[in-house]
Amino acid sequence: WFGGSRMHDESPVIHKLLKMGQQHDDVKVGKDKPHSDIILWCRRYQTDTKKNTPYVCFGRLTYHSHVPQSHPLKFIWNLVDHDGLKNHSDKAVRDRFAAFTM
């Protein structure tokens, strides 16, 4: 994930993301998965229609790392719900996830 062009190391939103992403590293919930208050929503831009697709929720993120003083700021997150989406019992959920990750 890349922060917006106006975000920098001292931006309040960056401090909040770092705090939220790092504070839950040791807190586990169901099946020993980390707890997280950061949720990933994605959408795609369709070049043929020149429109964005609806947002899709991909679940919880935990902090992995970031590159301080990069512009734009570069973050790497762990997708906590990756396996659950990849192996979901609903084929439509699996297919939607696969379409974004291939």
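Looking at W41 and V56, their side chains never come closer than 4.5 Å, going by heavy atoms from C-beta outward. A 4.5 Å side-chain heavy-atom check between F97 and H88 finds every atom pair outside the cut-off. Proximity of W77 to L79: side-chain heavy atoms (C-beta onward) are nowhere separated by under 4.5 Å. The side-chain heavy atoms of H64 and F75, taken from C-beta on, include no pair separated by under 4.5 Å. Residues L73 and I14 form a side-chain contact, since some pair of their non-hydrogen atoms from C-beta on lies under 4.5 Å apart.
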side-chain contact (heavy atoms from CB on, under 4.5 Å) between T53 and Q46, intermediate numbers included
CA-CA 7 Å; T53 62; Q46 296 176 314; 3.5 Å; yes

Could you walk me through whether F58 and D81 pass the side-chain contact (heavy atoms from CB on, under 4.5 Å) check?
CA-CA 7 Å; F58 284 120; D81 299 310; over 6 Å; no

side-chain contact (heavy atoms from CB on, under 4.5 Å) between K50 and Y45, worked out:
CA-CA 7 Å; K50 297 184 179 169; Y45 179 74; 3.3 Å; yes

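Summarising the geometry, atom CZ belonging to R94 is positioned 7.5 Å from atom OG belonging to S89; distances are rounded to the nearest 0.5 Å. To the nearest 0.5 Å, the span separating NE2 on H66 from CG on L17 amounts to 10.5 Å. Put simply, SG on C57 and CZ on R96 are 10.5 Å apart, with the number rounded to the nearest 0.5 Å. In this structure, Y55 OH and R44 CZ are separated by 14.5 Å, a value rounded to the nearest 0.5 Å. Put simply, CG on L61 and CG on N78 are 8.5 Å apart, with the number rounded to the nearest 0.5 Å.
Hydrophobic clustering of Ile, Leu, Val, Met, Phe, Trp and Tyr side chains at less than 4.5 Å, counting indirect connections, keeps I39 apart from V80.
In the displayed structure, Q69 atom CD is contacted under 6.0 Å by at most 12 heavy atoms of other residues, nucleotides or ligands.
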